[in-house]
Peer 1: 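My structure is below; once you've seen it, I'll send some questions.
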Amino acid sequence: MLAGEEKFIRECPVLWDVDVLVIGGGSAGAAAATAAARTGADVALVDRMGYLGGTGASVLDTFYGFYCPGEGERKVVGGIPDEVVGRLEERGAAIKRPSTYGAGTGITYDPELLKVTWEELVVGSGARVLLHSFFVDTISEGGAVRGAVVANKAGLWQIRARVVVDASGDGDVAFHAGARYEDWRTVPVQSLTTTFRLGNVDVQRASNVKKGQLWDLMAGAVASGDYHLPRVEGSVHVTPYKGIMATNMVRLHVDDPTDPVQISAAEIEGRRQALEYHRFLRDCVPGYEHSVLLSFSTYIGVRESRRIIGDYWLTRQDVLSVRKFEDAVAMCGAPIEEHHAGSDTRWEYLPQGAAYDVPYRCLLPHGVDGLLLAGRCLSASHDAHASVRSMGQCMALGQAAGLAAAQAASNRQSPREVDVRRLQRDLLRLGAILEIEP
């Protein structure tokens with residue numbers, strides 16, 4: 001940071017001075033803030049939207065990663081994520097749904113009520129919430145991250161903290177703190193998507209159209225020359241509500257999802273594609289003849305952008321060999337699911353029912369102190385990231401980062417000095433699922 005920028009930051013008024021600051025209120029950030037605040041830490045959570053939930057409330061409607069693929073529904077995510085699901089089920093707003101792709105049982109929910117659920121958990125934990133506010137830059141002191149500058153309609157503000165959690169998805173805090181990372185220039189990132197929801201669907205007839213039949217109908221529609229469908233696969237699935245189906249079909253290739261010019265064009269193209277896919281469904285697929293478009297995703301769904309390099313780099317071999325780590329803080333049994341630029345998706349599966357560990361070191365950006373990573377910006381290679389990015393794992397990693405941040409702040413430690421064994425015990429008491437020696 002230049003001297004002039006440091007002076008500029010010092011002149012910004014201080015809004016809050018807290019123990020833990022979480023940037024990003026999605027699955028990872030909301031879980032981190034809740035976990036940290038429940039320890040008694042003074043926590044602030046900042047998000048750019050007017051609600052919490054991130055991609056889970058804005059793009060998607062199904063939690064994957066809670067269960068390993070295969071028979072028996074082996075569960076590998078627990079704790080705060082269970083509370084989220086439980087509250088949604090109490091409202092009649094969540095159902096379990098088997099995945100036809102072999103990604104494990106999913107939990108499909110109402111995204112609108114997910115917003116309220118996260119608000120109840122985060123506010124109920126005692127954390128402060130600041131919405132409609134954008135992260136601008138880091139505040140550094142003594143070589144460590146000690147807060148952030150945020151922007152909103154009231155101006156620029158400092159929020160100072162002993163420990164910061166980067167749950168921004170794109171690794172914005174780590175990037176501005178000078179962390180090393182991989183992005184599209186090393187390995188092309190996964191494609192983006194605009195989801196959409198349809199109403200007035202004859203769900204019974206639509207559900208009778210199996211995956212292979214749907215894809216055949218897509219291929220035939222493209223071959224006819226009457227439809228432009230970049231992805232000749234994808235899914236349509238039931239929701240907790242009668243007559244409403246949700247989709248994940250659109251495919252958009254963007255070199256750099258952090259480039260605002262590219263992402264602006266993709267937002268527009270995504271909605272155009274969504275309308276074309278709906279036209280195809282209405283014209284060609286039984287059950288959708290009288291369907292109506294209810295909504296697009298609030299913003300485009302980004303699967304991958306910056307991959308921050310941490311003290312440990314989770315690899316493809318770690319995933320496929322089901323590797324275990326002494327400093328495990330989360331587990332994952334999801335396959336490698338790569339949505340590349342082509343018309344199909346690459347899947348590589350772990351042994352049935354198996355799960356690997358995610359080590360605590362993946363949450364520590366290499367060479368940067370005072371900062372923890374949570375969610376999809378964790379330290380993982382392109383292939384490993386394609387497995388570990390599910391919302392179940394984002395929540396699991398968020399609660400781990402939140403507890404670690406609170407522990408570090410309480411003891412006036414660096415996150416690298418956290419007692420990992422104590423962290424693991426705290427996670428187990430919270431209800432997290434780990435396979436560690438007692």
Side-chain angles (χ1 to χ4, degrees), residues 1 23-24 26-29 47-49 54-56 58-60 134-138 148-151 166-195 230-231 248-274 296-310 313-316 336-346 362 365-368 371 373-391 394:
M1 185 179 297
I23 300 295
S27 296
D47 195 81
R48 65 191 176 100
M49 302 301 290
T55 295
S58 306
V59 181
L60 301 176
F134 289 79
F135 166 80
V136 174
D137 207 345
T138 56
V149 176
V150 300
D166 185 347
S168 64
D170 294 322
D172 293 335
V173 184
F175 170 74
H176 281 269
R180 295 167 53 215
Y181 62 94
E182 274 194 356
D183 63 6
W184 61 277
R185 289 166 293 192
T186 305
V187 180
V189 298
Q190 295 201 55
S191 63
L192 291 70
T193 196
T194 299
T195 57
R231 182 184 181 193
N248 191 332
M249 293 180 167
V250 170
R251 174 156 290 176
L252 299 148
H253 175 71
V254 170
D255 284 336
D256 181 7
T258 66
D259 179 341
V261 175
Q262 293 185 47
I263 206 75
S264 295
E267 291 277 13
I268 295 167
E269 170 61 15
R271 285 183 280 273
R272 189 203 65 77
Q273 281 191 28
F296 299 112
S297 51
T298 306
Y299 51 77
I300 201 165
V302 177
R303 293 183 171 93
E304 179 184 22
S305 53
R306 301 185 187 105
R307 298 178 295 275
I308 306 300
I309 296 173
W313 182 248
L314 193 70
T315 68
R316 165 192 174 85
I336 293 174
E337 177 188 348
E338 187 198 29
H339 294 257
H340 51 76
S343 62
D344 62 352
T345 302
R346 177 173 66 90
C362 287
H366 187 71
V368 178
L371 181 64
L373 307 170
R376 68 173 175 85
C377 60
L378 85 162
S379 177
S381 71
H382 170 76
D383 281 342
H385 182 274
S387 166
V388 76
R389 64 180 174 80
S390 294
M391 279 194 287
C394 286

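In this chain, numbering begins with 1 at the start of the sequence shown. Hydrogens, waters and symmetry mates are skipped; everything else that's a heavy atom, side chains included, is used.
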Peer 1: For R376 and G169, indicate whether the former's side chain and the latter's backbone hold a donor-acceptor pair under 3.5 Å.
Peer 2: yes
Peer 1: Check G375 against C394 and note the closest heavy-atom contact, atom names and distance.
Peer 2: CA-SG, 3.8 Å
Peer 1: For a 4.5 angstrom cut-off between non-hydrogen side-chain atoms, does R231 reach N248?
Peer 2: yes
Peer 1: Give the minimum heavy-atom separation between V302 and P257, together with the two atoms involved.
Peer 2: CG1-CB, 3.8 Å
Peer 1: To the nearest 0.5 Å, tell me how far F135 CZ sits from D47 CG.
Peer 2: 13.5 Å
Peer 1: Applying the side-chain contact (heavy atoms from CB on, under 4.5 Å) criterion to Q190, which one of H382, R346, R251 satisfies it?
Peer 2: H382
Peer 1: Could you tell me if the side chain of T298 sits less than 4.5 Å from the side chain of M49, heavy atoms only?
Peer 2: yes
Peer 1: With a 3.5 Å cut-off and no angle check, do the side chains of R272 and T194 form a donor-acceptor pair?
Peer 2: no
Peer 1: Can a donor-acceptor pair be found, under 3.5 Å and without considering hydrogens, that links the side chain of E182 to the backbone of V187?
Peer 2: no
Peer 1: How long is the gap from NE2 on H366 to CD1 on I309, to the nearest 0.5 Å?
Peer 2: 9.0 Å
Peer 1: Rounded to the nearest 0.5 Å, what separates atom CG in L192 from atom NE2 in H339?
Peer 2: 11.0 Å
Peer 1: Should W313 and R307 count as side-chain neighbours, where that means a heavy-atom distance under 4.5 Å?
Peer 2: yes
Peer 1: In Å, rounded to the nearest 0.5 Å, how long is the span from CZ of F175 to OG1 of T138?
Peer 2: 11.0 Å
Peer 1: Between D255 and H253, is there a side-chain heavy-atom distance shorter than 4.5 Å?
Peer 2: yes
Peer 1: Within a strict 4.5 Å, meaning less than it, do heavy atoms of the R303 and T193 side chains meet?
Peer 2: yes
Peer 1: In Å, rounded to the nearest 0.5 Å, how long is the span from OG of S191 to CD of E338?
Peer 2: 9.0 Å
Peer 1: Could you tell me if S381 and D383 have a donor-acceptor pair between their side chains, going purely by distance under 3.5 Å?
Peer 2: no
Peer 1: What is the minimum heavy-atom distance between S264 and P260, and which atoms define it?
Peer 2: OG-O, 2.6 Å
Peer 1: Measuring from atom CD of E267 to atom OG of S297, what distance do you get when rounded to the nearest 0.5 angstrom?
Peer 2: 7.0 Å
Peer 1: Can you check whether V59's main-chain N or O pairs, donor with acceptor, with T195's side chain at less than 3.5 Å?
Peer 2: yes
Peer 1: Could you tell me which non-hydrogen atom of T258 sits nearest to which non-hydrogen atom of S305, and how far apart they are?
Peer 2: CG2-CB, 4.1 Å
Peer 1: Where do A386 and I336 come nearest, in terms of heavy atoms and distance?
Peer 2: CB-CG2, 3.9 Å
Peer 1: Under a 4.5 Å cut-off applied to non-hydrogen side-chain atoms, are D259 and V254 in contact?
Peer 2: no
Peer 1: Please report the closest heavy-atom contact between R316 and A384, naming both atoms and the distance.
Peer 2: N-CB, 4.1 Å
Peer 1: Per the side-chain contact (heavy atoms from CB on, under 4.5 Å) rule, which among D166, L373, L378 passes with I308?
Peer 2: L373
Peer 1: Is a side-chain N or O of D170 found less than 3.5 angstrom from the main chain of D172, in a donor-acceptor match?
Peer 2: no
